Amino acid sequence: MSKQNKSSVKVFSPATVANVACGFDVVGLALDGPGDEMELQISDAPGVRIIRVEGATLPLEAAQNVAGVALQAMLQEYAQPDLGVEVTIHKHIQPGSGIGSSAASAAGAVVGLNKLLGDHFPAESLVRFAMEGERLACGTPHADNVAPAIMGGFTLVRSYQPLDVIRLHTPEDLWVTVIHPQIEVKTSDARGILKQQVLLRDAIRQWGNVGALVAGLYQENYPLISRALEDVIVEPIRSILIPAFHELKLKCREAGALGGGISGSGPSVFMLSKGETNARAVADTMQQIYAPLGVDYKIYVSRISTSGVHEIQD
Ligand code: HSE
């Protein structure tokens with residue numbers, strides 16, 4: 001069977017860090033791990049069927065499942081009414097973790113089906129389909145998790161209407177440390193507490209930082225990246241939801257991190273570092289802060305995935 005018409009595929013879909021401090025709803029990055037695994041199979045019965053979800057309790061009804069609605073949007077545009085797809089999802093990213101659990105399911109699903117369709121759709125269309133999963137998950141079709149999951153590396157959403165997503169350069173030696181406190185923060189709740197207006201003085205500071213972050217990535221200028229990792233709009237409101245957030249930020253910088261902030265809508269907190277040694281020292285610091293708190297947590301140290309969702313073998 002040729003690559004174009006094979007009938008099943010298995011993919012790995014990575015966790016992602018959205019916002020990356022200053023870029024609320026527009027900047028995101030993909031991790032090497034953790035990530036979900038998904039199997040997709042073309043079937044004779046038209047439409048989308050979620051066969052099984054392992055590792056989390058999620059709806060099997062396609063219209064209530066983020067992978068299901070993303071695939072439905074894709075099939076609608078593919079316009080071959082007889083086409084059917086069956087999906088099995090192995091969740092390794094806990095829902096409500098702040099590292100793009102819903103995005104991983106939606107992104108993995110659309111990239112997987114696209115492989116079965118001979119790469120029919122360009123990446124930006126896949127982002128648009130996967131955004132339907134985010135609409136179902138939190139009420140807003142934001143793209144700052146699904147875009148890096150699909151395209152890999154860092155991505156920037158220049159515009160939502162029309163959708164305009166740019167893949168950015170990833171510096172070679174940039175590492176990510178993430179702590180995931182085992183408490184659930186629903187993205188819809190974390191969005192609901194945000195103010196709808198910002199002060200011009202805060203907006204000026206924020207877009208200065210976003211521009212500097214992008215420049216820092218391209219110049220591989222780590223001190224500039226460090227200065228740009230500041231969020232004066234969203235973090236002051238959301239940080240109250242995260243135990244020991246300010247101590248984490250302060251001590252992780254002292255331990256060698258370039259900086260960081262809330263991962264997506266939380267409760268995970270991410271730090272960027274130059275080099276693995278610093279990233280692991282940051283992980284140790286996170287552990288020292290969280291161990292006495294009585295809150296369970298997981299810590300990940302990862303490079304930035306430049307491939308995003310990719311095919312894996314059984
Ligand atoms: N940009 C989104 C938010 C990401 O912060 O609400 C959610 O993971």
Side-chain angles (χ1 to χ4, degrees), residues 13-31 34-36 56 58 66-67 70 91 93-108 127-128 130-151 154-161 163-166 168 176 178-181 183-196 198 202-203 206-207 209-210 213-214 229-242 245 260-270 300 302 305 308-309:
S13 189
T16 45
V17 171
N19 303 337
V20 194
C22 50
F24 179 71
D25 272 3
V26 297
V27 181
L29 63 85
L31 299 176
D36 294 344
L58 294 170
V66 296
K91 292 295 296 176
I93 311 171
Q94 204 173 303
S97 56
I99 48 173
S101 179
S102 54
S105 296
V127 171
R128 193 160 42 78
M131 285 166 65
E132 292 306 315
E134 298 291 47
R135 189 197 300 278
L136 177 70
C138 76
T140 309
H142 63 92
D144 51 340
N145 291 107
V146 293
I150 289 168
M151 299 166 109
F154 277 85
T155 56
L156 171 74
V157 184
R158 186 205 62 82
S159 155
Y160 275 91
Q161 284 178 331
L163 187 64
D164 186 359
V165 184
I166 303 152
L168 304 173
V176 191
V178 175
I179 181 164
H180 171 205
I183 51 176
E184 190 180 352
V185 174
K186 285 195 162 56
T187 298
S188 52
D189 295 340
R191 295 182 79 87
I193 60 172
L194 299 180
K195 294 187 203 141
Q196 292 303 307
V198 299
D202 291 339
Q206 199 89 350
W207 60 54
N209 279 323
V210 175
L213 177 60
V214 173
L229 290 171
E230 176 190 56
D231 171 9
V232 296
I233 293 176
V234 174
E235 181 184 293
I237 299 169
R238 285 183 170 171
S239 55
I240 52 163
L241 303 172
I242 301 166
F245 176 76
I262 303 169
S263 176
S265 55
S268 289
V269 173
F270 81 98
Y300 305 99
S302 170
S305 164
V309 181

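We use all heavy atoms of the structure for the numbers below, so side chains are in, but hydrogens, waters and symmetry mates are not. Predicted model only: the values in this text are computed from it and were never measured. We count ligands from 1, going down the list as the structure has it; atoms in each ligand are counted the same way.
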May I ask you to decide if D25's main-chain N or O and N19's side chain share a donor-acceptor pair within less than 3.5 Å?
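Looks like yes, one N/O pair under 3.5 Å.
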Sidechain-backbone polar pair: S263 side chain, G98 backbone, donor-acceptor under 3.5 Å
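Yes, the answer is positive, given that a donor and an acceptor are paired below the 3.5 Å cut-off.
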Minimum-distance protein heavy atom relative to atom 1 (N) of ligand 1:
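It is D25 OD1, 2.5 Å.
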Identify, for atom 8 (O) of ligand 1, the protein heavy atom at the shortest distance, and state residue, atom and that distance.
N145 OD1, 2.9 Å
Could you tell me if the side chain of [Y] sits less than 4.5 Å from the side chain of [X], heavy atoms only?
X: T155; Y: D144; result: no
X: V66; Y: E134; result: no
X: L29; Y: V176; result: yes
X: V234; Y: I262; result: no
X: P14; Y: V309; result: yes

A190 near ligand 1, heavy-atom distance under 4.0 Å?
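No; A190 lies far enough from ligand 1 that no heavy-atom distance drops under 4.0 Å.
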Closer than 4.0 Å to some heavy atom of [X] - which atoms of ligand 1 meet that?
X: D144; answer: 1 (N), 2 (C), 4 (C)
X: N19; answer: 1 (N), 2 (C), 3 (C), 5 (O)
X: A18; answer: 4 (C)
X: F24; answer: 3 (C), 5 (O), 6 (O)
X: R238; answer: 3 (C), 5 (O), 6 (O)

Test of proximity, R191 against ligand 1: N or O pairs below 3.5 Å:
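Yes; the residue has a nitrogen or oxygen that sits under 3.5 Å from a nitrogen or oxygen of the ligand.
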If we only count N/O pairs under 3.5 Å, is H142 in contact with ligand 1?
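The answer is no, given that H142 and ligand 1 share no N or O pair closer than 3.5 Å.
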